[in-house]
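Please read all numbers here as calculations on a predicted model, not as lab measurements. Quick note on labels: first sequence line is chain A, next is B, and so on, each numbered from 1.
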Amino acid sequence: MSEHQQTETNESTVDQTSEKLVELAKRRGYFFQSSGSYGSVGGFYTFGPQGAALKGNVEDAWRDRFALAEGNMEIDAPTIMPEPVFEASGHLEGFDDMLIECPECGTSSRADHLVEDNTMYEDAESLEIPEVEEVIAEYELVCPDCGAGLAGVAVEDFNLMFATNIGPGDSQPGYLRPETAQGIFVEFPRLKEYARNQLPFGVTQIGRAYRNEISPRRSIIRTREFTQAELEYFIDPEEDEPDLSAVEDVEVTLYPATEQNDEDGDEIETTIGEAVDNDVIASPWVAYFLGVAKPWYEAVGVDMDRFRFRQHLSGERAHYASDCWDAESEIDGNWIEMAGFAYRGDYDLSKHSEHSGDRFTVFKQYDEPKTVERATVDPDMSYLGPEFGGDAGAVVEELEALAARDRAAFEGETVEFELEGETHEIPVEKTGFAVEEQTESGEHIIPHVVEPSFGVDRLVYTVLHHAYQEDEVDGEERTYLELEPEVAPTFVGVFPLQSDDALETQAGEIVDDLREAGLSVTYDDSGNIGRRYRRQDEVGTPFCVTIDYETVEADETTVTVRERDTTDQKRIPVDELAETLSAIREGDLEFEEL
RNA sequence: GCGCGGAUGGUCUAGUGGUAGGACCUGAGCCUUCCAAGCUCAUGGCCCGGGUUCAAAUCCCGGUCCGCGCACCA
């Protein structure tokens, strides 16, 4: 967390909210640390019954908006992939740093760089860690920051990927994916077929990713296993434009890099359309997805007063991203990253293309076929074969390359070319050299990628934190979660007013009806009615239905429906109950309208 | 990974070198005609491993985990 992400807030009150939320989450089944019976390990959390349902609802909402509503394809790739995938993606090298921390001042340095800069060793990265430690001791290397001696200080290997072996033995190393994105990129050659080779198209994936964090912190904000919802949107950089008209009026709070670098800088309130016109957001594609994301975040329950988009500073951006914005929410006075929107260019597909040898391109047809002159060769193999033996194939490749780059070489009686450092000369007539007119109907291009990448766990945490409320009802303190009906894990509680066979029987029938209507229902007949309301308030259940004597005795049977936030009650006929509640769940009806 | 602080039923907590008490929760029952009411009973705990000691939940060491700061976050 860097300094510009901090804001001044009253810590004593905000800390209480977080502590209370974590306590509530444990007690009410939202989330808790895993494997507690075995002492737990850091950074692993289990979502309990409520948490799993909430997370599932958030994922469904994401799927509706970013896959279905956008016409994108969803896939589900493995979490373990073989080593070459991560060689290509750059994760293997990027993760494998040797770090040494100064015991005096705490500064971390690249141990291999330290050795290379101060000794005769030129490729320290190839040394094993004990060797590097020996060299540091031998040369009495010191901390570059404060000058303290580093001899005897342990060198740490920082690879944030979890390694494993695929199959028996260690001949096939693999890694748990550190981001879901690679599972999409590696399958691009097939995915583009499913898109009928038409750009633009998008592929989404919701799944787990794994990073062996040095220091997991702050409950589910930073864990070692977490859920991402990612969209990789593939575009033709020269032709494809987003439909900004759909999002241009969306109001956003932006915190551009220029404002962050300015001492007096501040967040700016604007619209997506204006931000693009004024070049605040460089990529219209990134702007488009910011415009889609903002109302979506609001719909699942993020408090828009504690939400912003922050541009990455130039030093903060990954090497492949030309522009990157984060969606951030404020928790305890700190801004936490909930999503990143990056323009990744052709970095990923190019890398996989190079490393795999497969084609990570899309054929782009020209409007009009082009006619081009092209120099070609069609060598006489009955001559080259006897002449060059096993090298004949290489000769053909060399002649093809030569024809493409220097057709003048073929203008004489003979042509000269080099093969493995030796110059050869053969008659041009044996090469089948010709300049022909060819028709090209298109070209293979590497699409660019726009990547909205969401952290589901951090979003769930934010939704819970922003939903946490305390108030008073009839002089009694109350805690409740103001969760949106769309994502609330339990939608309705059903209670008989008191212990009574008639009430309980009727309540049971209503539970069945509501479940049949597809609602998440909980039944509770314990203790008095007030306690049951409070219990549901605390898990964030938006509505409670109570069956009383009017329900079982009156001619027209009705129940009371109580709304969580206001505790207001209305009487609803039993036979309209399922329909009414379903309409509220779908957002087609408000409780106030009843 | 380093530094500081911490770890007692499901949750929150009191406590002492002689194996623990409360509150809430939960369950059973009574009572109860709409917001954590009352009464009775019940379930359930000293993070793990070593050491010191007649005796360790308590003291010491190590580990695990949590919080905060530093570092890290491709």
Side-chain angles (χ1 to χ4, degrees), chain A residues 1-2 11 15 18-20 22-29 32-44 48 86 89-97 99-110 145 153-161 178-179 211-219 221-224 226 316-321 332 334 336-337 340 347 455 472-480 493 495-500 503 526-538 544-553 559-562 564 566-569 571:
Chain A
M1 189 76 51
S2 44
E11 283 187 19
D15 282 351
S18 235
E19 278 172 24
K20 286 176 187 169
V22 169
E23 187 267 317
L24 185 152
K26 243 189 294 193
R27 196 158 40 78
R28 290 298 183 192
F32 52 87
Q33 224 182 351
S34 300
S35 310
S37 298
Y38 291 91
S40 293
V41 288
F44 294 96
F86 300 109
S89 70
H91 289 103
L92 200 58
E93 198 183 341
F95 269 167
D96 212 17
D97 297 342
L99 292 191
I100 187 164
E101 184 173 302
C102 173
E104 297 296 322
C105 68
T107 302
S108 279
S109 313
R110 284 280 292 266
D145 207 39
V153 178
V155 171
E156 301 293 337
D157 190 354
F158 270 33
N159 194 321
L160 289 194
M161 282 198 294
E179 59 176 15
R211 296 180 193 183
N212 201 358
E213 295 285 353
I214 303 154
S215 164
R217 283 286 161 89
R218 303 175 68 194
S219 73
I221 300 286
R222 193 144 141 224
T223 55
R224 292 188 165 119
F226 53 99
E316 189 180 359
R317 277 200 309 263
H319 50 290
Y320 49 75
D332 294 348
N334 294 318
I336 63 161
E337 177 190 346
Y347 176 83
E472 271 193 17
V473 174
D474 298 339
E476 298 279 356
E477 282 185 15
R478 179 174 79 131
T479 299
Y480 65 105
F495 316 143
L497 182 60
Q498 54 190 258
S499 301
D500 181 302
L503 297 181
S526 74
N528 71 50
I529 191 72
R531 179 177 303 190
R532 285 176 270 164
Y533 284 145
R534 292 293 196 279
R535 196 180 277 152
Q536 291 310 313
D537 286 341
E538 214 176 36
C544 292
V545 167
T546 300
I547 290 80
D548 58 16
Y549 289 98
E550 273 188 62
T551 313
V552 294
E553 286 168 2
V559 292
T560 61
V561 177
R562 170 194 182 266
R564 174 196 60 207
T566 58
T567 75
D568 288 346
Q569 290 181 301
R571 293 206 76 92

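When the P atom is used for both B:C25 and B:G18, the distance is 33 Å, rounded to whole Å. With P as the reference atom, B:U58 and B:G50 are 13 Å apart, rounded to whole Å. For the C1' atoms, the distance linking B:C48 with B:U64 amounts to 7 Å, nearest Å. Spacing of P atoms, B:G1 relative to B:U8, comes out at 23 Å, to the nearest Å. Comparing the C1' positions of B:C60 and B:C73 gives a spacing of 37 Å, expressed to the nearest Å. Comparing the same atom, C1', in B:C24 and in B:U43 gives a spacing of 15 Å after rounding to whole Å. A gap of 39 Å separates the C1' atoms of B:C41 and B:G49, to the nearest Å. B:U40 sits 13 Å from B:G22 when the P atoms are compared, rounded to a whole Å.
Look at B:C46: it lacks any Watson-Crick or wobble partner with both distances under 3.5 angstrom. Under the Watson-Crick or G-U wobble criterion, with both distances below 3.5 Å, B:C72 is left unpaired in every strand shown. Remark: B:G67 base-pairs with B:C4. Criterion, Watson-Crick or G-U wobble with two distances under 3.5 Å. Base pairing of B:G38: its partner is B:C30, meeting the Watson-Crick or G-U wobble criterion (both donor-acceptor distances under 3.5 Å). As the counterpart of B:C25, no nucleotide is assigned, since no Watson-Crick or G-U wobble pattern has both distances under 3.5 Å.
Between A:R531 and B:A37, a side-chain N or O to OP1/OP2 separation shorter than 4.0 Å is present. Applying the 4.0 Å criterion to OP1 and OP2 of B:A37, one finds that A:N528 has a side-chain N or O inside that range. Between A:K26 and B:C12 there is a side-chain N or O to OP1 or OP2 distance below 4.0 Å. Between A:Q498 and B:C34 there is no side-chain polar atom (N or O) within less than 4.0 angstrom of OP1 or OP2.
To the nearest angstrom, C1' of B:U11 lies 10 Å from CD of A:E538. Residue A:L160 contributes atom CG, which lies 8 Å from atom C1' of B:C72 at whole-angstrom precision. In this structure, the CZ atom of A:R534 is 9 Å from the P atom of B:A37, given to the nearest Å. Here the C1' atom of nucleotide B:C73 and the CD1 atom of A:I221 are 14 Å apart, to the nearest Å. Regarding A:N334, its CG atom lies at a distance of 14 Å from the P atom of B:G67, rounded to whole Å. Rounded to an integer number of Å, the gap from CZ of A:R218 to P of B:C70 is 12 Å. In this structure, A:F32 atom CZ and B:C66 atom P are separated by 15 Å, rounded to whole Å. Atom CD in A:E472 sits about 13 Å away from atom C1' in B:C35, given to the nearest Å.
Formation of a donor-acceptor pair under 3.5 Å by the A:D332 side chain with backbone atoms of A:N334 is not found in this model. A donor-acceptor pair under 3.5 Å links the side-chain atoms of A:S40 to the main chain of A:S34, judged by distance alone.
No N or O donor and acceptor, one from the side chain of A:E476 and one from the base of B:C35, sit under 3.5 Å apart. Looking at A:Y533, its side chain comes within 3.5 Å of the base of B:C34 through a donor and an acceptor atom. Between the side chain of A:R27 and the base of B:C25, no donor-acceptor pair of N or O atoms lies under 3.5 Å. A donor and an acceptor atom sit less than 3.5 Å apart, one in the side chain of A:D548 and one in the base of B:C34. Counting atom types as modelled, A:T560 pairs a side-chain N or O with a base atom of B:C34 as donor and acceptor under 3.5 Å.
The residues A:E538 and A:R534 are annotated as not salt-bridged, no charged nitrogen and carboxylate oxygen being separated by less than 4.0 angstrom. Look at A:R224 and A:E213 and you find no salt bridge, because none of the NZ, NE, NH1 or NH2 atoms lies under 4.0 Å from a carboxylate O. Ion pair A:R478/A:D537 flagged as a salt bridge, since at least one NZ, NE, NH1 or NH2 atom sits closer than 4.0 Å to an Asp/Glu carboxylate oxygen.
When each of A:S499 and A:S40 is assigned the nucleotide of RNA chain B bearing its nearest heavy atom, the one mapping closer to the 5' terminus is A:S499.
Comparing B:A71, B:U33, B:G27 by their nearest atom to the side chain of A:S526 picks out B:G27. With distances taken from any side-chain atom of A:S215 to the nucleotides B:G1, B:C35, B:U11, the minimum falls on B:G1. Closest to the side chain of A:R217, from the set B:C73, B:C70, B:A37, is B:C70. Side-chain proximity of A:R222 to B:C72, B:C68, B:A36: nearest is B:C72. The side chain of A:Q33 sits closest to B:C65 out of B:C12, B:C65, B:C35.
The two residues A:R211 and A:P178 have their closest heavy-atom pair at NE-O, 2.9 Å. For the residue pair A:Y347 and A:S89, the shortest heavy atom distance occurs at OH-O, 3.6 Å.
Within 4.0 Å (heavy atoms only), A:G340 reaches no atom of the nucleic acid at all. Using a 4.0 Å heavy-atom cutoff across all strands shown, A:Q569 reaches at least one base atom of the nucleic acid. Residue A:T567 is in base contact, counting any heavy-atom pair closer than 4.0 Å across all strands shown.
Paired with A:Y533 under the rule side-chain contact (heavy atoms from CB on, under 4.5 Å), one option of A:V473, A:N528, A:T546 passes, and it is A:T546.
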